[in-house]
Amino acid sequence: MNALSELRSRFEKVLSELTSDPAPFVGMIKPTQDATFGDFQANCAMPLAKQRGTNPRSLAAEIVSKLAVSDLCHPPEVAGPGFINIRLKEDWLTERINAVVADPRLGVELAAKPKRVVIDYSAPNVAKPMHVGHLRSTVLGNALYRVFKFCGHQVVGDNHIGDWGTQFGMILFGYKNLLDAAAFQSNAVGELARLYRLVSQLSTYHDSKAELPIAETRRSQLETELKAAEATKAPNDKQAEKALKKLRTDVAEILDQIKTLNKQIETVESSQVLKALADAHPQIAELARLETAKLHARDEENTRLWNQFVPQCLAAIQGIYDRLDIQFDMTHGESYYNPLLAIVVEEMQKNGLAVESDKAICVFIPGNAAPFLIRKSDGAFTYATTDLATIRYRVKELNADTMIYVVDTRQSEHFRLLFETARLWGYGDRQFVHVNFGTILGKDNKPYKTRSGDTVGLESLLDAAVAKARQIVNENDDRKKDDAGNPTPELDDATRAVVAETVGIGAIKYADLRHNRESDYVYDEDKMLATTGDTATYMQYAYARVCGIFRKGSINRETLRQGAGQIRFTHPSERALSLQLLRFSEALDGVLSEFRPNILTDYLFATANSFSTFYQECSVLKEPDEATRTSRLLLCDLTARVIAVGLDLLGIKTCEQM
RNA sequence: GCGCCCAUAGCUCAGCUGGAUAGAGCAACGGAUUUCUAAUCCGUAGGUCGGGGGUUCGAAUCCCUCUGGGCGUACCA
C-alpha cells in the first residue's frame with residue numbers, strides 16, 4: 001500500500017467518528033505542494049469544522065490526537081487555519097522502499113475488484129491511410145489500455161475500424177471506373193488510397209460547383225444587409241452594434257467559404273486530366289453511394305472486392321501499429337455489426353424508444369435539440385445504429401461492465417445521446433465513458449495540415465521525427481570524448497538507428513500524452529525532440545545513464561536485488577528520490593480515475609528529475625563505503641525499473657545506451 | 001438562433017471534486033564540468049490566473065455577466 005492510501009485509511013478511522021460520510025474528507029489528504037510543509041497535508045479539518053459548526057484549528061488538533069500514525073510519520077502538526085501537516089519517518093520510508101525493491105510490481109497492487117473493460121481506440125478508416133488525426137486516439141487509447149491491464153483489470157482493446165461506410169463505396173466506384181491497373185499490381189493499397197482521394201476530390205468538385213452560386217447569392221444578400229445596417233445604426237446602440245458585428249462575421253465566413261469552393265474547383269479545372277474525369281463522371285457522388293448500398297445489400301461483386309481489399313488495407317495499417325508498438329485484442333470493424341442493425345432498429349421501434357420522423361427513425365431524448373438518428377430516410381443505417389449494436393455485443397458477448405471510447409471531443413454530442421439511449425435501452429448498469437480529446441494544431445493554431453492543405457500522413461510524421469532524432473543521436477555520440485579529449489563514439493550505425501527510432505517515436509507519443517487530453521495542442525517537432533526539457537528523451541536519457549552505471553561497474557542487477565544490501569538515506573536527494581519512487585501507484589490511480597495519462601507523464605518527469613538531482617549529488621560507483629554504494633545501486637536499479645515500466649505503460653520504449 | 005469548450009509567465013502548457021507565498025518546460029540571466037553519459041544539475045528574474053460582479057474564513061478552481069476565440073448543431077463517421 002502506498003503512503004497516501006495508508007494515510008487515508010488511518011484518517012478514515014478517525015473521520016468516520018466525526019461524520020457519517022468521511023469519503024470526501026479523506027480525499028482531502030494530498031501530497032504537499034511545498035516541501036516545507038512536509039510530505040502530505042490533510043485539509044479536511046476546515047470544511048468539516050464548518051459542517052459541524054466548530055473551530056477548525058481545535059478540530060484539527062482533535063483529529064491529530066486521535067490519529068494512530070506514530071509508526072509511519074512524525075507527530076502531525078496543525079498549521080494555519082487548520083491544515084494538518086505530515087512528515088513520514090525515515091524508518092517507515094526505508095522499510096517501504098526496500099519492500100518495493102523486492103517487488104516485481106514496484107509497489108503497485110492489483111485491483112481488488114477487477115473491472116471488465118472494453119477500450120475502443122484508434123479506429124481508422126480502411127479507405128484512407130492513417131493520418132495525424134488518428135494519432136491521439138491511438139496513442140492515448142493504447143496508454144490507457146496498458147495502464148488498466150497493468151493494474152489488474154480485464155481489458156479488451158478493440159479497434160472499431162471504419163470498413164463499411166460511404167468511403168468504401170468511393171473505393172469501389174474508383175476501382176471499377178478509374179483504376180490504374182499497373183499501379184494496383186505493384187501497390188494495391190496505395191492505388192486504392194489514390195482512388196479514394198480521386199473520387200472524393202471529383203465529388204467535392206461537383207458539390208462545389210453546385211454550391212458556389214448559392215454561396216454567392218448569400219454573400220450579396222449579407223453584404224446588402226450589412227450596408228443597410230451600417231447606414232442606419234444609431235451611435236451607442238449596443239443592440240445594433242452586436243448585430244452589426246454578427247453580420248460582419250457572417251460576411252467573413254461566407255467569403256472564406258467561397259474561397260474554399262473556388263480553390264476546390266480551381267484544383268480540378270487547372271488539370272486537364274482531372275477536368276476530363278470530372279466531366280466524364282458528373283454523378284460520381286451518387287454512384288459511389290450506390291456502390292455502398294450494393295455492398296450493404298450483399299451484391300456479389302462488391303462483396304468479393306470488399307473481401308479482397310479489406311485484408312490488404314488492414315495489413316498496411318498494421319505496419320504502422322507495429323512501428324508504434326500498438327496492440328489490440330480484436331479488430332471488429334463496423335461491418336461486423338451489420339447483421340444486427342435491422343434488429344436493433346426494429347426492437348427500438350417496438351418498445352417505443354424510436355419513432356419515425358421525416359421518414360427517418362429517431363430516438364428523441366428530452367433536453368436535446370437533435371434527435372439520435374438510427375435509420376436514415378433512404379433506409380440506410382448510421383454509425384449511431386452500429387454503436388448501439390456494438391454496445392449490445394460488448395455487454396452480451398464480452399460481458400463488459402465499462403466501455404471506454406477514445407474519440408475526438410467534437411463527437412461529444414453523439415456520445416451523450418448514445419449513452420443516454422443505451423441507458424434507456426436497458427444498459428443503465430454499465431459504465432460508459434467518452435474519453436474525449438482536443439485537436440492537434442499546426443503552428444498557425446489551426447488544425448494541422450500540410451502547406452497545400454492536405455492532412456498529414458502518419459507515416460511521414462513518424463519518418464520525419466525519426467530522421468530528426470537520428471541527427472541528434474549522431475551529434476551526441478560523436479561528441480563523446482575520453483580524458484585526453486579523443487573522440488570515443490560508442491554506438492555503431494545499427495544501434496544509432498534503433499536509438500533514433502526509439503527516441504523519435506517516443507517523442508511523438510510523449511508530446512501527445514503529456515498534454516491534458518481535453519486541450520488542443522500545437523504539433524511542434526522541434527519542441528518534442530528538444531534535447532532539453534520535459535520530453536520523452538529526458539527520461540530515456542535518465543534511464544540510459546542508470547544503465548551506464550551498471551555497465552561500467554559490471555554489476556548484475558538481479559544479483560544486486562537478491563543480495564543482502566538495503567537502501568538507507570545518507571543524503572536528502574536519496575530520501576526525495578525514494579519518496580518519489582513510492583508514489584508510482586498514486587500516479588497510476590490518477591490515470592485510471594480520470595483517464596488522464598498526463599498524470600503519469602508528470603510523475604515520470606518528476607521522477608527523472610529527482611534522479612538527475614541525486615545523480616549529480618551522490619556518486620555511486622566511486623562511493624567508498626560499501627553499504628552506501630550498495631544502497632545507491634539499489635536506488636538506481638529501482639529508478640530504472642520505475643522509469644522503464646512507466647514509459648512502457650505509455651507505450652514508449654527505452655534504450656540501454658544512448 | 002441553440003448547445004458545448006477554452007482564455008493562467010514573453011512562448012508552449014500543468015493545476016480546476018475551493019485551501020497556505022499560482023507551478024513546470026522553453027526562452028532570458030547567473031553559477032557548476034580533471035563527468036558513474038553536461039541529451040545534466042543548482043540558482044535568479046518573470047503572473048491584477050481575459051474584464052466585472054457574487055458565494056465563502058478562503059476562489060485560477062463554484063455561480064452570474066461581459067469580451068475575445070474554437071467546436072458542434074437530424075439523415076458522413
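Sequence lines set the chain letters: A, B, ... in the order given, protein chains first and strands last, and positions in each chain run from 1. Note that the structure is a prediction, hence the values are computed from the model and not measured. Side-chain atoms are counted along with the backbone in the values below, which use heavy atoms only and exclude waters and symmetry mates.
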query: Does A:R479 make a side-chain N or O approach to OP1 or OP2 of B:A39 shorter than 4.0 Å?
result: yes
message: On the nucleotide B:G25, are OP1 or OP2 found under 4.0 Å from the side-chain N or O atoms that A:K527 carries?
response: no
- prompt: Reckon A:A544 touches a base, only the sugar-phosphate, or nothing at all at heavy-atom distances under 4.0 Å?
  reply: base
message: Using a 5.5 Å cut-off between ring centres and planes within 30 degrees, is A:F83 stacked on the base of B:A20?
response: yes
message: With rounding to the closest Å, how many angstrom separate the P atoms on B:C16 and B:A74?
response: 35 Å
task: Name the nucleic acid region contacted by A:N368, choosing base, sugar-phosphate or nothing; use a 4.0 angstrom heavy-atom cut-off, strictly under.
output: nothing
message: For B:A39 and A:Y541 - does any side-chain N or O of the residue sit under 4.0 Å from the phosphate oxygens OP1/OP2?
response: yes
message: So A:S412, base contact, sugar-phosphate only, or nothing? Heavy-atom distance under 4.0 Å.
response: nothing
message: Return whichever of A:V546 or A:V522 has its heavy-atom-nearest nucleotide of RNA chain B closer to the 5' end.
response: A:V522
task: Write down the distance separating the P atoms in B:U48 and B:U8, rounded off to the nearest Å.
output: 13 Å
query: Salt bridge between A:K468 and A:D526, side-chain N to carboxylate O under 4.0 Å?
result: yes
- prompt: Just how far, in rounded Å, is P of B:C13 from CG of A:D524?
  reply: 9 Å
Check: A:G438 main-chain N/O paired with A:D520 side-chain donor or acceptor under 3.5 Å: no
Short N-O contact, A:K653 and A:E501, less than 4.0 angstrom: no
message: Nearest to the side chain of A:M658, heavy atoms from C-beta on, is which of B:A77, B:U37, B:U21?
response: B:U37
message: So A:T537, base contact, sugar-phosphate only, or nothing? Heavy-atom distance under 4.0 Å.
response: base
task: Identify, between A:R517 and A:Q616, the residue whose nearest nucleotide on RNA chain B lies closer to the 5' end.
output: A:R517
query: If you check every side-chain atom of A:A370, which of B:G19, B:U73, B:A39 has the closest atom?
result: B:U73
message: Students often get this wrong, so: under 4.0 angstrom with heavy atoms, is A:N516 touching a base, only sugar-phosphate, or nothing?
response: sugar-phosphate
message: Under 4.0 Å, heavy atoms only, any strand: does A:N436 hit a base, just the sugar-phosphate, or nothing?
response: nothing
task: Could you tell me whether A:P56 contacts a base, only the sugar-phosphate backbone, or nothing, with contacts defined as non-hydrogen atoms closer than 4.0 Å?
output: nothing
field: Side chain of A:C362 (C-beta onward), nearest among B:A74, B:U21, B:A39
entry: B:A74
- request: With heavy atoms under 4.0 Å as the rule, sort A:K446 into base, sugar-phosphate or nothing.
  value: nothing
- request: Give one of base, sugar-phosphate or nothing for A:E475, where a contact means two heavy atoms less than 4.0 Å apart.
  value: nothing
- prompt: How far, in whole Å, is B:G3 from B:G19 if one measures between their C1' atoms?
  reply: 33 Å
task: Check whether any side-chain nitrogen or oxygen of A:S519 sits under 4.0 Å from OP1 or OP2 of B:A14, and answer yes or no.
output: yes
query: Looking at A:K446 and A:D444, does any basic side-chain N land under 4.0 Å from a carboxylate oxygen?
result: no
- prompt: If we require ring centres under 5.5 Å and near-parallel planes under 30°, does A:F37 stack on B:A20?
  reply: yes
query: Tell me, what's RNA chain B's dot-bracket, Watson-Crick or G-U with both distances under 3.5 Å, | for other-strand, [ ] crossing?
result: (((((((..((((.....[...)))).(((((.......))))).....(((((..]....))))))))))))....
Quick test: give all pairs of protein nitrogen or oxygen and nucleotides 70-72 of chain B nitrogen or oxygen below 3.5 Å, distance rounded to 0.1 Å.
{"from": "B:G72", "atom 1": "O2'", "to": "A:E413", "atom 2": "OE1", "distance (Å)": "3.1"}

- request: Indicate, with a heavy-atom threshold strictly under 4.0 Å, whether A:K50 touches base, sugar-phosphate, or nothing.
  value: base
query: Are any of the side-chain nitrogens in A:D512 or A:K509 under 4.0 Å away from the carboxylate oxygens of its partner?
result: no
- request: Name the closest nucleotide to the A:K552 side chain, picking from B:U37, B:G19, B:C76.
  value: B:U37
- request: Give a yes/no on whether any side-chain N or O of A:Y538 is located under 4.0 angstrom from OP1 or OP2 of B:A24.
  value: no
- prompt: Nearest-Å distance, CZ (A:R375) to C1' (B:A74)?
  reply: 15 Å
query: So, are A:R496 and A:D478 salt-bridged, with charged N and O less than 4.0 Å apart?
result: yes
- prompt: Short question: side chain of A:R629, backbone of A:E623 - any donor-acceptor pair under 3.5 Å?
  reply: yes
Pairwise P distance for B:C26 and B:C62, with rounding to whole Å: 30 Å
- prompt: Counting any heavy atom closer than 4.0 Å, what does A:N445 reach on the DNA or RNA strands: base, sugar-phosphate only, or nothing?
  reply: nothing
- prompt: Between B:A77, B:A39, B:G15, which nucleotide has the shortest distance from any of its atoms to the side chain of A:N598?
  reply: B:G15
- prompt: When you compare B:C29 with B:G10, how far apart are their C1' atoms, in angstrom units rounded to a whole number?
  reply: 14 Å
task: Would you mind classifying the nucleic acid contact of A:Q411 as base, sugar-phosphate or nothing, using non-hydrogen atoms under 4.0 angstrom?
output: base
query: Taking the six-membered ring where the residue is Trp, are the ring centres of A:Y405 and A:F415 under 6.0 Å apart?
result: yes
field: Atom pair distance, as rounded to whole Å: CG in A:D512 and P in B:A14
entry: 12 Å
- prompt: Hey, does A:C44 reach any base, or is it just sugar-phosphate, or nothing, if we go heavy atoms under 4.0 Å?
  reply: nothing
Pair of N/O donor and acceptor under 3.5 Å linking B:A20 base with A:N85 side chain: yes
- prompt: Hey, what's the ring geometry for A:H414 with A:F372, parallel, tilted or perpendicular (30° and 60° as the breaks)?
  reply: tilted
- prompt: What distance, rounded to whole Å, do you find between the two P atoms, one in B:G47 and one in B:G31?
  reply: 24 Å
- request: Please work out whether the ring planes of A:H134 and A:H131 are parallel, tilted or perpendicular, with thresholds of 30° and 60°.
  value: tilted
message: Regarding A:E334, tell me which of base, sugar-phosphate or nothing describes its non-hydrogen contacts under 4.0 Å with the strands shown.
response: sugar-phosphate
field: For atom CD of A:Q51 and atom P of B:U56, their distance in whole Å
entry: 17 Å
